[in-house]
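Working notes, beginning with the structure itself.
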2 protein chains.
Amino acid sequence: MAYTVGQVAKVAGITVRTLHHYDEIGLLSPTGRSPAGYRRYDDADLERLQHIRYYRELGFPLEEIAAILDDPASDPAAHLRRQHELLTVRIRRLQEMVTAIEFAMEASKLNIPLNPQERFEVFGDADPDAYAEEAEQRWGGIEAYRESNRRVARYTKEDWLRIKAENEDWGRRFAEVMSSGAPADSPQAMELAEEHRQLISRGFYECSYEIHTGLADMYVGDPRFTEYYEKIRPGMATYLSEAIHANAISRA
Amino acid sequence: MAYTVGQVAKVAGITVRTLHHYDEIGLLSPTGRSPAGYRRYDDADLERLQHIRYYRELGFPLEEIAAILDDPASDPAAHLRRQHELLTVRIRRLQEMVTAIEFAMEASKLNIPLNPQERFEVFGDADPDAYAEEAEQRWGGIEAYRESNRRVARYTKEDWLRIKAENEDWGRRFAEVMSSGAPADSPQAMELAEEHRQLISRGFYECSYEIHTGLADMYVGDPRFTEYYEKIRPGMATYLSEAIHANAISRA
DNA sequence: GCTCCCGCCTGCCGTTACGGGAGGGTCAAG
DNA sequence: CTTGACCCTCCCGTAACGGCAGGCGGGAGC
């Protein structure tokens, strides 16, 4: 039940230097020392470190973490509750950022300019003065970037042109279906709605039916997107939106 | 189409000082200057700043962001794709942390000790050497903490004892239902399963049916949780698990 | 008992990404 | 023509470690 700095560092995924630092500032001082002066951490220290790690991940400065953890009014269970709450809030926020990216991606694909608010609303609006954020450097910085690079791969100019061409080809065929007089929930329209979804999935990101219907709503809700489709063929924005919804329902 | 530092800072949710800093290190130099030397940002600068903000949120160091953005091989759309990918990875990770917290909470509630790996597996295992993380300080640090405090509220010792008492009372009544011979998918058992879920929701965190069935699986899968329920009454872990699943299905 | 090598110790200086002034010009409104 | 809000350029400070130097400790093998 007693651990050395190295063991603790390894299991907790931090460096020995960090543990030294926490000891220096009194955030986490090991319960005991060996005769030779070696730090000895016990299970209670580990539990404290666990809370420290979670609060750190949530962006709390060390000083504040010390204050929170040393507050006699809140027990370990209270910290877990709070961490749970803060994590879910944070997940919601990241999901909003994902939606914002999807929005920006659609705009970029259709050459629709964004105004400043739209570029940053996900950052600024949450709080009157929400500032920058930092994150871990190994994992978030290099590794995940490489990983992302492997999977997203490099798009050459030709790839990009090909995507645009596919998109235009799809537009022509969709316009044809409209002209044929088939309703938006006809098999032909739904088939092309599905193809639209798969074009996004192959070219950009995994586009679930939920995301897809979100885009559909955007096409009728945002005049700039509406205009893009209306230019291809009048009535297309609404028609496409209905086809996407019909397709999503039929596949569920 | 031209903006001053102050306007950019406001809309992007950062400080003027930060923009000065980005200019100093050459990460984001405004396209032009006014006769008096005032920085003038245009829409292209804003787009670059948008990417900077997302990459920062994802934890990239500024130097690396500069390298990524100045890489001629990747266009704006490529950045959006990468950001989308990285964000979803990150959300998945946070969701794993949420699950880990729920696990720790159950363990804490039932007085089950955790071993070191369980305390930190969510941190260490993702990458051979994943290190610490920082986040924004206003939003994540003080404000959100206050917010969390308002909602989660303070639990006194009495609250804590009351929760334990309610939990034990529930255990007794659940054991009675078992003794009555009613099957696990009987209305009585399901009713108490629902009550179990609501106890968690009131006492700890919003416990969805999905989370609840996750806990149910844990009760039969993890011997320590199994033992806890088996001690109340033999067969209770399995019986409870089935009741929870039955209840979740019937409410869906 | 001696030797290695690995792990631990305590300084101490370096770095990143800004925060926060000081001291001084600028610009539009009244 | 002043006044308040904004802008400029230094410049020093800070948080949370990274990383190394220089030096002990300890147990595994000879």
Side-chain angles (χ1 to χ4, degrees), chain A residues 2-30 32-41 49 52-53 55-67 123 129-142, chain B residues 2-30 32-41 49 52-53 55-67 123 129-142:
Chain A
Y3 312 88
T4 68
V5 262
Q7 290 168 336
V8 174
K10 195 168 186 184
V11 72
I14 55 177
T15 65
V16 171
R17 181 66 184 83
T18 299
L19 286 169
H20 284 170
H21 183 62
Y22 289 172
D23 191 4
E24 273 173 38
I25 64 172
L27 174 58
L28 179 69
S29 299
R33 293 266 187 156
S34 81
Y38 284 25
R39 291 174 178 81
R40 311 248 94 160
Y41 296 86
L49 180 55
I52 292 174
R53 289 241 52 193
Y55 279 124
R56 278 262 45 198
E57 177 94 24
L58 286 162
F60 287 79
L62 299 184
E63 202 177 341
E64 212 173 323
I65 296 179
F123 294 107
D129 54 352
Y131 280 29
E133 158 157 347
E134 301 169 18
E136 78 268 280
Q137 314 208 326
R138 298 283 171 93
W139 182 83
I142 298 169
Chain B
Y3 311 89
T4 69
V5 264
Q7 289 168 335
V8 174
K10 196 168 186 185
V11 72
I14 57 179
T15 64
V16 170
R17 181 66 183 84
T18 300
L19 285 170
H20 285 170
H21 183 61
Y22 290 172
D23 191 4
E24 272 173 39
I25 63 172
L27 174 59
L28 178 69
S29 298
R33 293 267 187 154
S34 80
Y38 285 24
R39 292 173 177 80
R40 312 247 92 162
Y41 296 85
L49 180 55
I52 292 174
R53 288 242 53 193
Y55 279 125
R56 280 275 326 136
E57 178 92 25
L58 286 162
F60 287 79
L62 299 184
E63 201 176 343
E64 212 173 325
I65 296 178
F123 294 107
D129 54 353
Y131 281 30
E133 159 157 348
E134 302 170 18
E136 79 269 279
Q137 315 208 326
R138 300 280 172 93
W139 183 84
I142 297 170

Review point. Taking for each residue the nucleotide of DNA chain D with the nearest heavy atom, is it S34(A) or I25(A) whose nucleotide lies nearer the 5' end?
Key: I25(A)
Review point. Can you tell me how far OG1 of T18(B) sits from CG of L62(B), rounded to the nearest 0.5 angstrom?
Key: 9.5 Å
Check your understanding: So, is Y22(B) near the phosphate of dC18(C), with a side-chain N or O under 4.0 Å from OP1 or OP2?
Key -> yes
Check your understanding: Atom CZ of F60(B) and atom C1' of dA17(C): how far apart are they, to the nearest Å?
Key -> 17 Å
Review point. Within the structure, does a side-chain N or O atom of T18(B) lie under 4.0 Å from either OP1 or OP2 of dG19(C)?
Key: yes
Revision key, fill the gap. Here the pair of heavy atoms bringing D23(A) nearest to S29(A) is OD1-OG, 3.1 Å
Exercise for review: Could you state the atom-to-atom distance from CG of L28(A) to P of dA16(D) in whole Å?
Suggested key: 15 Å
Point to revise | Distance, nearest 0.5 Å, that separates CG of L19(B) from OH of Y41(B) | key: 4.5 Å
Point to revise | Euclidean distance, atom CZ of residue R17(B) to atom P of dG21(C) [Å, nearest integer] | key: 13 Å
Study note, to complete from the structure: From CG of L62(B) across to P of dA17(C) the rounded distance in Å is 4 Å
Point to revise | Residue met sooner reading DNA chain C from 5', once E63(B) and P35(B) are mapped to nucleotides | key: E63(B)
Check your understanding: What is the distance from CD1 of I65(A) to C1' of dA15(D), rounded to the nearest Å?
Key -> 12 Å
**Study point:** Gap between atoms CD1 and C1', on I52(B) and dC18(C) respectively (whole Å)
**Key:** 14 Å
Revision key, fill the gap. Between NE2 of H21(A) and C1' of dG11(C) the distance, given in whole Å, is 15 Å
Study note, to complete from the structure: Under a 4.0 Å heavy-atom criterion, the protein footprint on nucleotides 2-8 of chain D, written with B, S and -, is ----BSS
Study note, to complete from the structure: d(I52(A) CD1, I14(A) CD1) to nearest 0.5 Å is 8.0 Å
Review point. Atom CG of L49(A) and atom CZ of F123(B): how far apart are they, to the nearest 0.5 Å?
Key: 8.5 Å
Exercise for review: Working to the nearest 0.5 Å, report the span between CZ of R53(A) and CG of L28(A).
Suggested key: 12.5 Å
Exercise for review: Rounded to the nearest 0.5 Å, what's the gap from CD on Q7(B) to CZ on R39(B)? Could you check?
Suggested key: 14.5 Å
Review point. For the pair made of CD in E64(B) and C1' in dA17(C), what is the distance, rounded to whole Å?
Key: 15 Å
